[in-house]
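Okay, so here's the structure we're looking at.
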Amino acid sequence: MDGNGRWAKQRGLDRIAGHREGAESVRAIVRASREIGIKYLTLYALSIENWQRPKIEIRALMALLGRFLKSELDEMLSNGIRLNVIGRIEDLPKGIKRRLKQAMDQTAHNRDMVLNLSLSYGGRDEIVDAAKRISLRVKEGALTPEEITPEIFSAFLYTHGMPDPDLLIRTSGEFRVSNFLLWQIAYAELYFTTTFWPDFRREQLLAAIEDFQQRERRFGMTGEQVAFARKE
Ligand code: IPE
Ligand code: MG
């Protein structure tokens, strides 16, 4: 979710106003995703690197997050949305952590869509954390190095038990992945748009999905193999 600051600057507003409007996009995209039957939606809300931003901006982002959790809980409950956090949740302020835990507990049984919020998230950090935990298991004798496969490795990531993303969308005209779900996006389709996040709403999401639907995903096979497998 990129481009809040530039969206605001274009209008002569401060960055916080951009984040506020960006939060409205979050609401719109969660709602639209649920309606069209997306099973997993992961939003990159805050990276580990984002902690370096000015204190006042961090404080505003946390306030928006707190407000979002409060205002959207009912909707998550009535729409079968399960909230989950990926990232170093321990880095977050106490009050936010408490609210996140409550929302995760209350929505734990929901099955229609998982809303993953990436908070204090870093892809390399996630992989390193997994490697650390795997080496501990090896040290304890619970796992042998030979048993470590991509599937086992995945089970140690924050996203364990979830499918890899099909589509990765980046807004605001940046053509980078910026440390997001590095392991999980191995076969994801990438979609880049110059639209700033506060302007990214239902219509823009549907356009991204339409684009995705035109792609041929081969997973390393030939086009003929894929066509044959589809007929089977
Ligand atoms: C929002 O956009 C993303 C967050 C980290 C919350 P930015 O704040 O990165 O906006 P730009 O890149 O300055 O336009
Ligand atoms: Mg940015």
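Counting starts at 1 for both ligands and their atoms, in listed order.
- Salt-bridge formation is detected for the pair R31/E75: a Lys NZ or Arg NE/NH1/NH2 atom is positioned less than 4.0 Å from an Asp or Glu carboxylate oxygen.
- Salt bridge absent: E57 and R20 never bring a charged side-chain N and a carboxylate O closer than 4.0 Å.
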Show your reasoning for whether side-chain hydrogen bond (donor to acceptor under 3.5 Å, both in side chains) applies to T159 and Q184.
CA-CA 8 Å; T159 49; Q184 296 89 338; 2.8 Å; yes

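- By the 6.0 Å and 45° rule, R53 does not stack over the aromatic ring of W51.
- Every protein residue with a heavy atom nearer than 4.0 Å to ligand 1 is included here: M1, D2, G3, N4, G5, R6, R15, H19, A45, N50, R53, L61.
- Ring centroids of F212 and Y191 are separated by 6.0 Å or more, keeping the two rings apart.
- Residue-and-atom listing of protein N/O/S atoms under 2.8 Å from the Mg ion (ligand 2), sorted by chain and number: D2 OD1.
- Within the structure, every pair that satisfies the side-chain hydrogen bond (donor to acceptor under 3.5 Å, both in side chains) test and touches residues 81-91, not counting sequence neighbours, is listed here: N84-N116, R88-D129, D91-S120.
- For residues 174-195, the salt bridge (charged side-chain N to carboxylate O under 4.0 Å, His left out) pairs, not counting sequence neighbours, are R6-E174, E174-R176, E189-R215, E189-R217.
- Relative ring orientation between F180 and Y121 is described as perpendicular, the plane-to-plane angle rising above 60° on a 0-90° scale split at 30° and 60°.
- For the atom pair K101 NZ and K97 NZ, the distance stands at 6.5 Å (nearest 0.5 Å).
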